[in-house]
Amino acid sequence: MNSNDTYAEVFITCTKVYNLVSNTFSEKEKLKLLSDIVEINSVNDNEIEVATYLKDLFEAHHINAEIDVIEGKRANLIATVGSGSPVVA
């Protein structure tokens, strides 16, 4: 697999996630989600609250998600949508 194939797979995965969100939430719900996330103080290495919010949201919609704590309140959220190869995180 060359880099162009990898970019294509990433694009396809992002499109699937976008479609999932677009088809799952109403416009009002999308605005509420955006508002909630903007209100969370996530600057200066304080990502854990946003990661927790999104993890709970994803799991409420049967999307497997886990938080990878880096240090203190620094974290990454890893969510799995679908199955197969390649895996894009």
Side-chain angles (χ1 to χ4, degrees):
M1 179 179 288
N2 65 38
S3 62
N4 287 337
D5 292 335
T6 302
Y7 293 131
E9 290 298 329
V10 169
F11 176 77
I12 290 167
T13 301
C14 290
T15 301
K16 287 179 182 178
V17 171
Y18 172 80
N19 288 336
L20 176 71
V21 170
S22 293
N23 296 327
T24 302
F25 301 107
S26 68
E27 290 301 313
K28 184 176 179 179
E29 290 170 320
K30 290 176 201 173
L31 289 173
K32 172 75 169 114
L33 293 170
L34 178 60
S35 175
D36 288 350
I37 291 170
V38 169
E39 285 183 28
I40 297 171
N41 179 13
S42 61
V43 296
N44 298 328
D45 301 330
N46 191 30
E47 301 99 357
I48 192 81
E49 289 183 52
V50 172
T52 301
Y53 177 91
L54 292 173
K55 178 181 183 288
D56 293 344
L57 174 69
F58 288 165
E59 289 181 342
H61 291 277
H62 311 287
I63 298 170
N64 295 325
E66 63 183 79
I67 295 174
D68 177 26
V69 176
I70 299 168
E71 180 181 311
K73 293 185 176 186
R74 297 207 60 217
N76 292 314
L77 178 67
I78 303 165
T80 306
V81 178
S83 62
S85 178
V87 174
V88 179

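Hydrogens, waters and symmetry mates play no part in the numbers below; they use all other heavy atoms, side chains included. The model shown is predicted, which means the values in this text are computed figures rather than measured ones.
- Minimum interatomic distance between Ser42 and Val50 (heavy atoms only, all atoms of both residues): CB-CG2, 3.6 Å.
- Residues Glu66 and Lys55 come closest through the heavy atom pair CA-CE, 4.1 Å.
- For Arg74 against Glu47, the heavy-atom pair with the smallest separation is CA-OE1, 2.8 Å.
- The number of heavy atoms from other shown groups lying within 6.0 Å of CG (Asn44) does not exceed 12.
- Shortest non-hydrogen contact noted between Leu77 and Ala51 is CD1-O, 3.8 Å.
- Both Tyr53 and Val69 belong to a common hydrophobic cluster when Ile, Leu, Val, Met, Phe, Trp and Tyr are linked at side-chain heavy-atom distances under 4.5 angstrom.
- Look at Glu29 and Lys32 and you find no salt bridge, because none of the NZ, NE, NH1 or NH2 atoms lies under 4.0 Å from a carboxylate O.
- Connection of Ile67 to Ile37 is established within a shared hydrophobic cluster, with ILVMFWY side chains joined at heavy-atom distances below 4.5 Å, either directly or through further cluster members.
- Here the CD-CD1 distance, from Glu71 to Ile48, works out to 12.5 Å after rounding to the nearest 0.5 Å.
- Counting all heavy atoms, side chain and backbone alike, His61 lies closest to Phe25 at NE2-CE2, 3.3 Å.
- We find the OG1-CD1 distance between Thr52 and Ile40 to be 8.5 Å, quoted to the nearest 0.5 Å.
- When all heavy atoms of Val43 and Asn41 are compared, the pair lying nearest together is CG2-OD1, 3.2 Å.
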